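One is the number of the first residue; the rest follow in order along the sequence. None of these values were measured; they are calculated from a predicted model.
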Amino acid sequence: MEININNRPVQVAEGATILEACRSVGIEVPTLCYLKDVSQNASCGVCVVEVKGAKSLLRSCITQVTEGMEISTNSPRAMQARKVNVELLLANHPQDCLICDRNGNCELQELTHALGISARRFVRTRKELLVKDETSLSLVRDPEKCILCGRCVAVCSQMQGVKAIDFSGRGLKSKISTFLDSGLGLVACSNCGQCALVCPTGAITERSSVSEVWAALQDPGKIVLVQTAPAVRVGIGEAMGMPYGSLVTGQMVAGLRRLGFSKVFDTNFAADLTIIEEGNELLHRIRTGGELPMITSCSPGWIKFIEHFYPELLPHLSTCKSPQQMFGSVQKTYNAEKIGVAPESMFVVSVMPCTAKKLDAEREEMRSAC
């Protein structure tokens, strides 16, 4: 199709949305609720553009292009509407950016700067103060910072198939909530953390354990060990602006040692132990007529998912701990005896790429290493 974007002739595929057409030629249209292949509910109104002949501004994330369409993404009318929409969102949004976990990594904050918004023009319309949800061992929900974009709801429902959260209430009482508003830690949540990954603000964040780790590192009576998952040594490099796939194992180990960790271990070691344990368990099941097929128990998120939605499959799960938990047990038994220290004085930290590992570490049945 032949269309025109910002006085520039463009060829795009039939069926493409205006947003897709713009991005295909390097023209950025800001969005907050849109998430490719996941969420396209057009709720934020930030992606509006002006189209010649249209009576009103069109939301580019859901409007398909037509032959000969003339689009302006940065006309005064579109820019003003975009700015007002963000200002309306800010009216009910806390002004605590400096102490927010997402400071410097917040899409709403970036968009506010890009649109030149420097003051709160509109008064707060939401009357009640929404309570923070800290019931989950992995995630913290702060509904005061929620802009009702629906990304978390879409990824939880469509991608993960869990449906732990959804919209509730109407009008000014609209919010994202759990079943009976009981809290994320008390409903069928797999603790996967995908909601926190896609949230454009600080409404859903990972539960931080940084203060506990610092306290342990500063305690002279503690021997603090750390294990790092394979994905971490790549993720840190990318976070530091290095090319995708850059390995920073040496720098990471050196950094952890300088922070004060006594020893740095690789979770690959515990993963090898898990393979041996699960292999032996599989052979035992085959010989004794045990439940088959046997499913690995490496992923705590997967375990939680089965517990909630497919409990009849629990006998198929391996009885082995995850590599993270197996590592902790080995450290507080074999290694504690080897280096001659009391297991109670050991503080084992794991740096993992999955929020469900926090739940894994706190499960009651895991408190057996000592």
Quiz item: Would a line drawn from the ring center of Phe269 to the ring center of Phe327 be shorter than 6.0 Å?
Solution: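 Aromatic pair excluded; centres sit 6.0 Å or further apart.
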Could you pull out the closest heavy-atom pair between [X] and [Y], with the gap in Å?
{"X": "Val232", "Y": "Val351", "result": "CG2-O, 3.3 Å"}
{"X": "Gln95", "Y": "Leu90", "result": "NE2-O, 3.7 Å"}
{"X": "Leu217", "Y": "Leu259", "result": "CD1-O, 3.8 Å"}
{"X": "Cys195", "Y": "Cys152", "result": "CB-CB, 3.7 Å"}
{"X": "Asp266", "Y": "Thr228", "result": "OD1-O, 3.6 Å"}

Exercise. May I have the step-by-step check of salt bridge (Lys or Arg N to Asp or Glu O under 4.0 Å) for Glu87 and Arg120, ending in yes or no?
Key: CA-CA 7 Å; Glu87 287 180 303; Arg120 178 184 279 187; over 6 Å; no
Quiz item: Between Val48 and Leu58, is any pair of side-chain heavy atoms under 4.5 Å apart?
Solution: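 They are not in side-chain contact.
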Quiz prompt | Asn4 side chain near Ile71 side chain, heavy-atom distance below 4.5 Å | solution =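 Contact flag for Asn4/Ile71 side chains = no.
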Under a 3.5 Å cutoff, is there a donor and acceptor pairing between the side chains of [X] and [Y]?
{"X": "Ser72", "Y": "Glu50", "value": "no"}
{"X": "Thr355", "Y": "Asn191", "value": "no"}
{"X": "Gln11", "Y": "Glu2", "value": "yes"}
{"X": "Thr296", "Y": "Glu278", "value": "yes"}
{"X": "Thr125", "Y": "Asn92", "value": "yes"}
{"X": "Gln324", "Y": "Thr267", "value": "no"}

Quiz item: Does a side-chain N-to-carboxylate-O contact under 4.0 Å join Arg141 and Glu134?
Solution: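 No.
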Practice problem: In plain terms, say whether Arg285 and Glu291 are close enough for a salt bridge, that is, a side-chain N and a carboxylate O under 4.0 Å apart. | Solution: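 So Arg285 does not pair with Glu291 through a salt bridge.
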Quick one: do [X] and [Y] end up in the same hydrophobic cluster if we chain Ile, Leu, Val, Met, Phe, Trp and Tyr together by side-chain heavy atoms under 4.5 Å apart?
{"X": "Leu129", "Y": "Val140", "result": "no"}
{"X": "Met326", "Y": "Tyr334", "result": "yes"}
{"X": "Val224", "Y": "Val341", "result": "no"}
{"X": "Met69", "Y": "Met1", "result": "yes"}

Quiz item: Quick one: does Asp96's side chain have a donor or acceptor within less than 3.5 Å of a partner on Cys100's backbone?
Solution: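 Not at all, since once roles are kept as given, no pair shorter than 3.5 Å links the two residues.
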Practice problem: Carefully, step by step, assess Ser329 and Lys321 under the rule side chain to side chain donor-acceptor pair (under 3.5 Å). | Solution: CA-CA 9 Å; Ser329 293; Lys321 294 182 176 182; 2.9 Å; yes
Self-check item: Within 6.0 Å of CZ in Phe167, more than 12 heavy atoms from elsewhere
Solution: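 Correct, the count exceeds 12.
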Quiz item: Is the number of heavy atoms from other residues, nucleotides or ligands under 6.0 Å of Met252 CE greater than 12?
Solution: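 Counting other residues, nucleotides and ligands, CE of Met252 exceeds 12 neighbours.
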Exercise. Report the relative orientation of the aromatic rings in Trp302 and Phe305; use parallel for angles under 30°, tilted for 30 to 60°, perpendicular for over 60°.
Key: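 Parallel: the ring planes of Trp302 and Phe305 meet at under 30°.
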Practice problem: State which residue, out of Arg102, Lys358, Lys357, fulfils the salt bridge (charged side-chain N to carboxylate O under 4.0 Å, His left out) condition with Glu206. | Solution: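 Going through Arg102, Lys358, Lys357 one by one, the salt bridge (charged side-chain N to carboxylate O under 4.0 Å, His left out) with Glu206 is satisfied by Lys358 alone.
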Exercise. Determine, stepwise, if the pair Gln64 / Thr17 fulfils side chain to side chain donor-acceptor pair (under 3.5 Å).
Key: CA-CA 4 Å; Gln64 291 188 348; Thr17 63; over 6 Å; no
Quiz item: Which is it for Gln109 and Asn103 under the side chain to side chain donor-acceptor pair (under 3.5 Å) test, yes or no, and what are the steps along the way?
Solution: CA-CA 8 Å; Gln109 187 183 56; Asn103 185 29; 2.8 Å; yes
